[in-house]
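Notes for the one structure printed next.
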Amino acid sequence: MDNIYFIGFMGTGKTTISKLIADHLNMKWTDLDDMIQQKEKKTVVEIFRENGEEYFRNLEKEVLKDVAGKGGYVVSTGGGIVIVDENVKIMKESGLIITLVASPDVIYVRLKDDQSRPLLQVPNPLDEIKRLMYERAPFYIKGDIIIDTSFDEPEIIVGEILKEIEKRKNGKGTC
Ligand code: S3P
């Protein structure tokens, strides 16, 4: 069975929404950041600080390949996974990609007191959110389904996603 991959910027709700979708569809769930942390026995913050971003990106690709080879998972990915073309190819070939989006202001409010995102520990996080989002937008739009999580409650968003998945199963989708 194919995987379902959740991609999107930090703070768009990938973890929460993907877990709910896995429950609804009775599929297994995993989070690539968790897999990396377990593998390295370090937090993402420690990996970025001690080994650098490139090292983290290599691990990210490794764990993605692991889960792509298994199938049947709903996968919550890290926001930067899309910057590596090969990762997008791996996801496209092994499942359905769902992109979650939210406005920079909403993301800023959701993450302003969160120290677990190394890329946002900068003097002006809102500017950095806008800059990174602009840079990554061409990759995020490669998702098969794109859903805005800025305003609705998780259960509403999950309902929308389930409807979209159902349409695709019935051959009414575009992918
Ligand atoms: C990152 C997003 C994070 C995590 C790491 C890098 C990014 O995951 O992988 O801090 O480059 O956007 P979340 O999107 O789950 O926060």
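Atoms within a ligand are numbered from 1 in the order they appear, just like the ligands themselves. One is the number of the first residue; the rest follow in order along the sequence. The basis for the numbers below is simple: all heavy atoms, side chains too, and nothing from hydrogens, waters or symmetry mates.
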Would you mind listing which atoms of ligand 1 come within a distance below 4.0 Å of any non-hydrogen atom of [X]?
X	answer
L119	7 (C), 11 (O)
G78	8 (O), 9 (O), 14 (O)
V44	5 (C), 10 (O)

When you measure from [atom] to every protein heavy atom, which one gives the shortest distance, and what is it?
atom	answer
atom 15 (O) of ligand 1	D33 OD2, 3.7 Å
atom 14 (O) of ligand 1	K14 NZ, 2.6 Å
atom 10 (O) of ligand 1	P118 CD, 3.5 Å
atom 16 (O) of ligand 1	R117 NE, 2.7 Å
atom 7 (C) of ligand 1	G80 N, 3.3 Å

Just by distance, do the side chain of [X] and the backbone of [Y] share a donor-acceptor pair under 3.5 Å?
X	Y	answer
T99	Y140	yes
Y73	A22	no
D144	I97	yes
N87	I81	yes
T149	T12	yes

Ligand 1 N/O within reach of F56 N/O, cut-off under 3.5 Å =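 Not met; the criterion fails.
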
Which heavy-atom pair separates R110 from A102 by the least distance, and what is that distance?
->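 Smallest heavy-atom distance, with atoms named: NH1-CB, 4.0 Å.
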
Is a salt bridge present between E86 and K65, judged by a nitrogen-to-oxygen distance below 4.0 Å?
->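 Result for this pair is yes, salt bridge flagged.
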
Transitive ILVMFWY side-chain link M133 to I141, under 4.5 Å |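 Unlinked, M133 and I141 end up in two clusters.
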
Non-hydrogen atom of R57 closer than 4.0 Å to ligand 1 =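 So R57 counts as touching ligand 1.
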
Closer than 4.0 angstrom: is that true for some heavy atom of R136 and an atom of ligand 1?
->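 R136: in contact with ligand 1 (<4.0 Å).
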
